Enquirer: 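Sharing a structure here in structure tokens format.
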Amino acid sequence: MKRSRMKMACGIVLTALLLAACDRSVQPATLPIPSLLPPSLQTSSVPSQEQSRTALQRFVSERMNGPDGVYTNFRDTEQSGELATGHEVLSESTGLLMRYYALQKLRSEFDAEWAKAKRVLDMKSGFSYRYSPNKQKRYPLNAAVDDLRIIRALYEGAHLFQDTGLKVEADTYGKRFIDYNTKSGYMYDFYDETYKTTNSFITLCYTDLKTMQLLPMPDEQKTELTRNMLGVVQNGYLSEKFPFYETRYDYKNRSYSSDNINMVESLLTVLALSEVGKHQPASVRYLKEHVKAGTLFGQYTKEGKPTNDIRSTAIYAIAAMIGVQVGDRALYEDALRRMGEFQVKDPISPLYGGYGDPATQAAFSFDNLMALLAHAY
């Protein structure tokens, strides 16, 4: 996912009065506590998927992973751009890979990634969203969605490895998240350690409702946070014709904004809603139709018109995870097959088993790790 929003100037700290002014026309009921782990479809895997998963895991662990974590791109750069490039490390990648290792019960691999994360990403207020090995620079702000993903991986690891120490760590970092990324019952995209403040908005796909329900906070406070954030997300629904979601909500202006709809972001929002049983059935119907036809594209207007015909690995990976969450085997299998169309199958290619462009040797962490995580569902 693009990180340009991290460059936005931090807003001033909002008062409780402004927070209370957030649009609350939707008043959802208290969310039920979901199961910690993804549900099972109780069915055999898609034929040949195990071979694809094994090849992908090998590519990620042997070709995309360095001493500091997963490379943002297989092809290295000088690491001097405004966005993370080359062998820079993202907290996004760390959380995705830790979740995969936890769900696959790969303890030594999980521990290795967690050790890297604590060494290169851990700050006082959160996990740095980006680390540059060339510059030995830890960028001084976090990304709420990525912190939540790492925290969920710790809870999943604690459960699957039967390790109370991981549970203690999950609670510790969860408490830190509450202290720095939430205020007055609302969540914010990032906390800036340099300016000691949050931004003034929430990107809807950052709203990981399931992980919020795992955070160590009093029940009343947790209910307020999840109710408020669910309301913000649900109010961002576009239409039954194009059943996806606005990009962000500004608390100060009480308004939603989207230049266009990036499907990866909107699908992450649908996935977050499906994990707590609050997704729109129309979203699933749309996905089923367009995944099956292979016509799920990267970006749309708010009215549902594609702005390009680009398809991506991550889009189909997230659609597969949504299929698991809503118990739709056909969607799951169709999405995995579509995803597999992008996998590099040439055994002499340095990208063999991964997802990328053999001609340019560009292979991005988000695509590869989302695909890997989809295989673990």
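Being a predicted model, the structure only gives us computed values, none of them experimental.
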Enquirer: Are any of the side-chain nitrogens in Glu88 or Arg130 under 4.0 Å away from the carboxylate oxygens of its partner?
Expert: yes
Enquirer: For residues 365-377, pull every pair meeting salt bridge (Lys or Arg N to Asp or Glu O under 4.0 Å), keeping only residues two or more places apart or in separate chains.
Expert: none
Enquirer: Do Arg152 and Thr211 get their side chains close enough for a donor-acceptor pair, meaning under 3.5 Å?
Expert: yes
Enquirer: One thing to verify: whether Glu289 and Arg285 come together as a salt bridge, which I'm taking to mean a side-chain N less than 4.0 angstrom from a carboxylate O.
Expert: no
Enquirer: Please say yes or no: joined through hydrophobic side-chain contacts below 4.5 Å, possibly via intermediate residues, are Ile178 and Tyr155 part of one cluster?
Expert: yes
Enquirer: I want to check a possible cation-pi pair here: Lys302 against Tyr300, using under 6.0 Å from ring centre and within 45° of the ring axis as the test.
Expert: no
Enquirer: Tyr249 vs Tyr251 aromatic rings, parallel, tilted or perpendicular, using cut-offs 30° and 60°?
Expert: perpendicular
Enquirer: Mind running salt bridge (charged side-chain N to carboxylate O under 4.0 Å, His left out) on Glu333 and Arg329 for me, showing each step along the way?
Expert: CA-CA 6 Å; Glu333 294 187 350; Arg329 176 179 175 180; 2.8 Å; yes
Enquirer: Are any of the side-chain nitrogens in Glu169 or Lys118 under 4.0 Å away from the carboxylate oxygens of its partner?
Expert: yes
Enquirer: Between Asp122 and Tyr173, is the side-chain hydrogen bond (donor to acceptor under 3.5 Å, both in side chains) condition met? List the steps.
Expert: CA-CA 10 Å; Asp122 198 18; Tyr173 289 105; 3.2 Å; yes
Enquirer: Can Glu113 and Lys116 be counted as an ion pair, charged N to O under 4.0 angstrom?
Expert: yes
Enquirer: Hey, are Asp192 and Lys196 close enough for a salt bridge, meaning a charged N less than 4.0 Å from a carboxylate O?
Expert: no
Enquirer: Mind running salt bridge (charged side-chain N to carboxylate O under 4.0 Å, His left out) on Asp171 and Lys175 for me, showing each step along the way?
Expert: CA-CA 6 Å; Asp171 285 343; Lys175 176 63 166 57; over 6 Å; no
Enquirer: What verdict does the side-chain hydrogen bond (donor to acceptor under 3.5 Å, both in side chains) test give for Gln57 and Tyr100, after you've listed the backbone C-alpha separation in whole Å, the side-chain angles of each residue and the deciding distance to 0.1 Å?
Expert: CA-CA 10 Å; Gln57 182 182 320; Tyr100 173 77; 2.6 Å; yes
Enquirer: Where do Lys288 and Asp334 land on the salt bridge (charged side-chain N to carboxylate O under 4.0 Å, His left out) test, with the steps shown first?
Expert: CA-CA 8 Å; Lys288 285 174 65 67; Asp334 286 343; over 6 Å; no
Enquirer: Thinking salt bridges, do Arg176 and Asp179 make one under a 4.0 Å N-O criterion?
Expert: no
Enquirer: Do the charged groups of Arg149 and Asp208 touch, with an N to O distance under 4.0 Å?
Expert: no
Enquirer: Tell me whether the guanidinium CZ or amine NZ of Lys183 lies under 6.0 angstrom from the six-membered ring centre of Tyr188 and within 45° of its axis.
Expert: yes
Enquirer: Taking Ser61 for the side chain and Arg58 for the main chain, is one N or O donor matched with an acceptor at less than 3.5 Å?
Expert: yes
Enquirer: Judged by atom type as modelled, is there a donor-acceptor pair below 3.5 Å linking the side chain of Asn368 to the main-chain atoms of Tyr355?
Expert: yes
Enquirer: Does Ser91 reach the side chain of Asn142, with side-chain heavy atoms less than 4.5 Å apart?
Expert: no
Enquirer: Tell me whether the rings of Phe74 and Phe59 are parallel (<30°), tilted (30 to 60°) or perpendicular (>60°).
Expert: tilted
Enquirer: Are Lys241 and Glu303 within salt-bridge range, i.e. N to O under 4.0 Å?
Expert: no
Enquirer: Does anything in residues 219-238 form a ring-ring contact (aromatic ring centres under 6.0 Å, His included)? List the pairs, not counting sequence neighbours.
Expert: Tyr237-Tyr245
Enquirer: Classify the ring geometry of Tyr71 against His87: parallel below 30°, tilted from 30° to 60°, perpendicular beyond 60°.
Expert: parallel
Enquirer: Could you give me the CA-CA distance, side-chain angles and deciding distance for Phe242 and Phe244, then say whether ring-ring contact (aromatic ring centres under 6.0 Å, His included) is met?
Expert: CA-CA 6 Å; Phe242 188 59; Phe244 295 102; 5.1 Å; yes
Enquirer: Looking at the rings of Phe110 and Tyr101, which for Trp means the six-membered one, are their centres under 6.0 Å apart?
Expert: no
Enquirer: Does Ser255 offer a backbone N or O that forms a donor-acceptor pair with the side chain of Asp250 under 3.5 Å?
Expert: no
Enquirer: For the side chain to side chain contact (heavy atoms under 4.5 Å, CB included) test, which of Leu31, Thr226, Thr182, Ile151 pairs with Met212?
Expert: Thr226
Enquirer: Determine, using the 4.5 Å side-chain heavy-atom cutoff (strictly less than), whether Leu106 and Leu37 are members of one ILVMFWY cluster.
Expert: yes
Enquirer: Measure from the side-chain N and O atoms of Lys222 to the backbone N and O of Leu215, and report whether any donor-acceptor pair falls under 3.5 Å.
Expert: yes
Enquirer: Report the C-alpha separation of Asp189 and Arg248 in whole Å, then their side-chain angles, then the decisive distance to 0.1 Å, and conclude whether the salt bridge (charged side-chain N to carboxylate O under 4.0 Å, His left out) test is met.
Expert: CA-CA 10 Å; Asp189 271 18; Arg248 65 186 58 85; 5.9 Å; no
Enquirer: Got a donor-acceptor contact below 3.5 angstrom from the Thr269 side chain to the Glu265 backbone?
Expert: yes
Enquirer: If you count the non-hydrogen atoms of other residues, nucleotides and ligands that lie under 6.0 Å from CG in Asp346, is the total more than 12?
Expert: yes
Enquirer: Is a donor on one side and an acceptor on the other found under 3.5 Å between the side chain of Lys345 and the backbone of Gly353?
Expert: no
